[in-house]
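Right, one structure below, let's go through it.
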Amino acid sequence: MTAEISDILATSRGASKRREKRIDKVILDYYDKNEIKFIKRIWRESDLEPHIKRILGQALEAHLRGEYALCISSLATMWEGLIYIKANNATMQDRHRQRIEANDYDKIFSDYFNTFIVSQCNKVDDVVDGVPNRHGVSHSWYHSYPSKKASLNAILLTDFIIGLEPLEGTQASA
């Protein structure tokens, strides 16, 4: 997949909708039914609570059935909780001050978290198509039925969160 994407980037003349569609096709082809089932096995073997793993598995099954809104809704509403599990269950008071520093992704992840997961999305026009924004999902702010790409984005973000190494104790910033 990486080689195919590199080839597309090398042979295209800058950013364009055509290039984006070609890259999307490579990624969507890579994450076929077998790859989604592989992700499901990895999640099932994680150290999460059994009921959480069951919900995650059902979300992946919804994706495989083409029920993208169901997959996104299930996963997006779980992100914040999954993050706090990885942060060793920070208290509610500490949650909004918490920083995820594992894997050297603190700035990147913090920006993504603040922009797309718990962002100030106050109306339907604030939602970005293809980006499974938790706040937008929670309020049913869809411009149209979510795409397979948006569902896969939700799966990949969830997989990233589940793959984070837990923090040693909680680290609330002062």
Side-chain angles (χ1 to χ4, degrees), residues 1-43 46 55-83 86 99-164:
M1 176 177 73
T2 305
E4 288 182 68
I5 292 172
S6 293
D7 185 53
I8 291 169
L9 293 173
T11 59
S12 62
R13 288 178 269 171
S16 68
K17 288 286 183 189
R18 181 175 182 272
R19 179 173 77 175
E20 181 180 335
K21 286 181 182 184
R22 290 174 61 204
I23 291 171
D24 287 349
K25 182 177 178 350
V26 169
I27 294 168
L28 289 168
D29 287 348
Y30 177 82
Y31 287 99
D32 61 6
K33 181 179 181 176
N34 291 330
E35 193 64 25
I36 298 299
K37 287 187 180 244
F38 177 73
I39 291 170
K40 185 177 178 182
R41 279 191 302 276
I42 291 171
W43 292 1
S46 73
I55 295 166
L56 293 169
Q58 289 176 356
L60 291 178
E61 289 298 324
H63 174 84
L64 292 171
R65 290 189 307 268
E67 297 170 345
Y68 306 130
L70 191 58
C71 176
I72 293 167
S73 297
S74 294
L75 295 178
T77 56
M78 295 183 73
W79 291 333
E80 191 171 5
L82 290 171
I83 289 166
K86 294 297 181 169
R99 287 184 46 166
I100 303 296
E101 296 175 347
N103 301 327
D104 296 324
Y105 286 111
D106 59 333
K107 176 73 172 124
I108 295 167
F109 193 76
S110 176
D111 289 348
Y112 191 90
F113 180 81
N114 290 329
T115 304
F116 296 114
I117 297 176
V118 294
S119 67
Q120 290 299 104
C121 180
N122 297 314
K123 59 187 182 299
V124 70
D125 292 335
D126 293 342
V127 175
V128 178
D129 284 331
V131 177
N133 174 292
R134 186 199 64 151
H135 196 151
V137 168
S138 298
H139 293 288
S140 301
W141 291 337
Y142 295 105
H143 296 286
S144 59
Y145 189 81
S147 66
K148 184 176 184 178
K149 175 183 177 180
S151 184
L152 180 59
N153 284 339
I155 291 167
L156 295 177
L157 176 59
T158 305
D159 191 52
F160 173 79
I161 294 168
I162 290 171
L164 287 172

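Quick caveat: nothing in here was measured; it's all calculated off a predicted structure.
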Going by heavy atoms in the side chains, are [X] and [Y] under 4.5 Å from each other?
X: Ile162; Y: Ile42; result: no
X: Met78; Y: Thr158; result: no
X: Leu70; Y: Arg65; result: yes
X: Lys40; Y: Ile36; result: no
X: Lys25; Y: Lys21; result: no
X: Leu82; Y: Leu164; result: no
X: Arg19; Y: Leu9; result: yes

Using a 3.5 Å distance criterion without hydrogens, assess whether the side chain of [X] forms a donor-acceptor pair with backbone atoms of [Y].
X: Ser46; Y: Trp43; value: yes
X: Lys148; Y: Gly66; value: no
X: Tyr145; Y: Tyr68; value: yes

If you measure from [atom1] on [X] to [atom2] on [Y], what distance do you get to the nearest 0.5 Å?
X: Ile83; Y: Ile161; atom1: CD1; atom2: CD1; answer: 4.0 Å
X: Ile8; Y: Arg18; atom1: CD1; atom2: CZ; answer: 9.0 Å
X: Ser147; Y: Asp24; atom1: OG; atom2: CG; answer: 8.5 Å
X: Leu75; Y: Gln58; atom1: CG; atom2: CD; answer: 11.5 Å
X: Asn153; Y: Ile27; atom1: CG; atom2: CD1; answer: 8.5 Å
X: Met1; Y: Leu28; atom1: CE; atom2: CG; answer: 10.5 Å

Please report the shortest heavy-atom distance between [X] and [Y], naming the atom on each side.
X: Ser74; Y: Ala59; value: CB-CB, 3.9 Å
X: His63; Y: Leu152; value: CE1-N, 4.0 Å
X: Ile72; Y: Ala154; value: CG1-CB, 4.1 Å

I'd like to check the side chain to side chain donor-acceptor pair (under 3.5 Å) partners of Asp7; sequence neighbours left out, ordered by chain and number. none

So, using side chain to side chain donor-acceptor pair (under 3.5 Å) as the criterion, who are the partners of Glu20 when residues are at least two apart? Lys149

Output all residues satisfying ring-ring contact (aromatic ring centres under 6.0 Å, His included) with Tyr31, sequence neighbours left out; order by chain, then residue number. none

